[in-house]
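Computation of the quantities below employed the complete heavy-atom set of this structure, encompassing side-chain atoms and omitting hydrogens, waters and symmetry-equivalent molecules. Keep in mind it's a predicted model, so treat the numbers as computed, not measured.
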Amino acid sequence: TDGSGIEPLWFEWLVLGGMLVFGSWLLGMRGVWALLLTSDPTGLTLVIIVVFVASTLWCGARSRELQHQRRLLMAAREGQCHEGWAAEYLAALRAKPRDENAPLDLLVEQAQGPHTTAWWVNGIQLKLGLLGKVIGFSVLAMQIGNIQSLDASQSQDLLKSLTQGLGIALLTTMVGLVGNILLGLQLTRLDRFADALIADCQRAGLSVAPHTSH
């Protein structure tokens with residue numbers, strides 16, 4: 001932002017959350033959720049969904065916090081507020097710390113530090129999907145390996161077993177990829193907002209620096 005307004009980060013997340021809730025309801029009405037959960041006996045699909053929902057809720061709380069800190073920064077510029085990350089950063093600059101980079105390092109940690117863990121969790125979704133793919137193909141390979149002689153009476157059971165293995169492999173991979181993409185979009189937006197917040201704090205700090213020499 002240019003300092004004249006605040007990006008509606010939390011409102012953007014609410015819109016995205018509403019779209020996800022509507023999409024989930026629509027999939028539930030069409031029986032997609034029941035199909036996904038019943039077709040995966042490993043439970044990895046359910047784990048991926050739970051991780052995604054929890055991470056999305058965290059993104060909502062984080063977006064609200066970042067937007068709140070942006071408001072505190074605007075108030076701190078006008079000397080109307082002495083709370084928040086920006087106020088702490090400006091106060092640290094005025095205190096002339098021995099380590100000149102320490103105030104900025106602390107600000108970066110507050111604004112971006114938690115996002116590192118969130119990105120790691122985002123990668124977990126993809127890895128769980130790949131794990132399900134490995135398990136599915138392992139089941140498929142074991143079923144093929146157990147075949148000693150193929151006759152007409154075994155063909156139906158064999159086809160069912162092979163379909164189950166392929167279902168595990170494909171469904172878990174698909175759910176992991178979709179969750180990874182959707183959570184990645186949210187985290188990218190949070191990172192960009194945090195970058196802008198840090199840059200604005202640094203701009204505000206430039207006006208503080210000349211006074212520290214007196």
Side-chain angles (χ1 to χ4, degrees), residues 1-21 48-128 176 178-214:
T1 60
D2 56 2
S4 60
I6 300 176
E7 295 180 52
L9 181 65
W10 193 50
F11 179 75
E12 292 175 5
W13 181 87
L14 288 176
V15 172
L16 176 62
M19 293 174 61
L20 291 176
V21 170
I48 295 173
I49 293 173
V50 170
V51 170
F52 173 76
V53 171
S55 301
T56 298
L57 293 177
W58 179 87
C59 287
R62 185 65 180 173
S63 63
R64 187 175 185 179
E65 176 64 19
L66 287 173
Q67 187 166 314
H68 176 63
Q69 293 297 329
R70 185 68 179 80
R71 290 195 180 96
L72 293 179
L73 167 60
M74 296 182 66
R77 281 176 169 176
E78 301 173 359
Q80 300 176 355
C81 179
H82 301 286
E83 299 179 356
W85 303 341
E88 294 175 1
Y89 172 70
L90 298 177
L93 291 180
R94 294 188 184 98
K96 294 188 290 186
R98 294 181 179 179
D99 184 358
E100 297 180 353
N101 297 323
L104 180 59
D105 292 340
L106 293 175
L107 177 63
V108 171
E109 174 61 27
Q110 290 174 317
Q112 294 181 332
H115 299 183
T116 303
T117 303
W119 277 108
W120 180 83
V121 173
N122 190 39
I124 286 295
Q125 293 184 116
L126 189 59
K127 291 179 176 63
L128 287 174
V178 172
N180 181 265
I181 292 171
L182 292 177
L183 184 57
L185 290 175
Q186 298 178 68
L187 294 177
T188 299
R189 185 69 181 94
L190 291 178
D191 283 346
R192 293 303 305 145
F193 193 93
D195 290 340
L197 176 62
I198 293 172
D200 288 340
C201 287
Q202 289 181 292
R203 292 189 188 97
L206 293 177
S207 62
V208 173
H211 299 285
T212 60
S213 60
H214 296 292

Nearest-0.5 Å distance that lies between atom [atom1] in [X] and atom [atom2] in [Y]:
| X | Y | atom1 | atom2 | result |
| --- | --- | --- | --- | --- |
| R64 | W13 | CZ | CH2 | 10.5 Å |
| I124 | L183 | CD1 | CG | 12.0 Å |
| I48 | L128 | CD1 | CG | 5.0 Å |
| L104 | C201 | CG | SG | 9.5 Å |

task: State which residues pass side-chain contact (heavy atoms from CB on, under 4.5 Å) with Q69; sequence neighbours excluded, sorted by chain then number.
output: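 Residues passing side-chain contact (heavy atoms from CB on, under 4.5 Å) with Q69: E65, L72, W85, L197.
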Any side-chain heavy-atom pair from [X] and [Y] closer than 4.5 angstrom?
| X | Y | answer |
| --- | --- | --- |
| L9 | L190 | yes |
| E109 | L106 | no |
| L66 | R62 | yes |
| W119 | T188 | yes |
| M74 | R70 | yes |

message: Taking N122's backbone N and O only, do any of them form a donor-acceptor pair with N180's side chain (distance below 3.5 Å, no angle check)?
response: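 Yes; at least one donor-acceptor contact below 3.5 Å.
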Donor-acceptor pairs are to be reported for all side-chain atoms of residues 51-61 against protein atoms at under 3.5 Å, with residues two or more places apart or in another chain.
residue: S55; atom: OG; partner: V51; partner atom: O; Å: 2.8
residue: T56; atom: OG1; partner: F52; partner atom: O; Å: 2.8
residue: T56; atom: OG1; partner: Q186; partner atom: NE2; Å: 3.3

- prompt: Which atoms form the tightest heavy-atom contact between A194 and Q112, and what is the distance?
  reply: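 What the structure gives for the nearest pair is CB-CG, 3.9 Å.
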Residue pairs fulfilling salt bridge (Lys or Arg N to Asp or Glu O under 4.0 Å) with at least one residue in residues 185-194, sequence neighbours excluded: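 As it turns out, the salt bridge (Lys or Arg N to Asp or Glu O under 4.0 Å) pairs with a partner in residues 185-194, which skip direct neighbours, are E7-R189, E12-R189, R192-D195.
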task: Go through the steps for E88 and Q110 under the test side chain to side chain contact (heavy atoms under 4.5 Å, CB included), then give the verdict.
output: CA-CA 11 Å; E88 294 175 1; Q110 290 174 317; 3.1 Å; yes
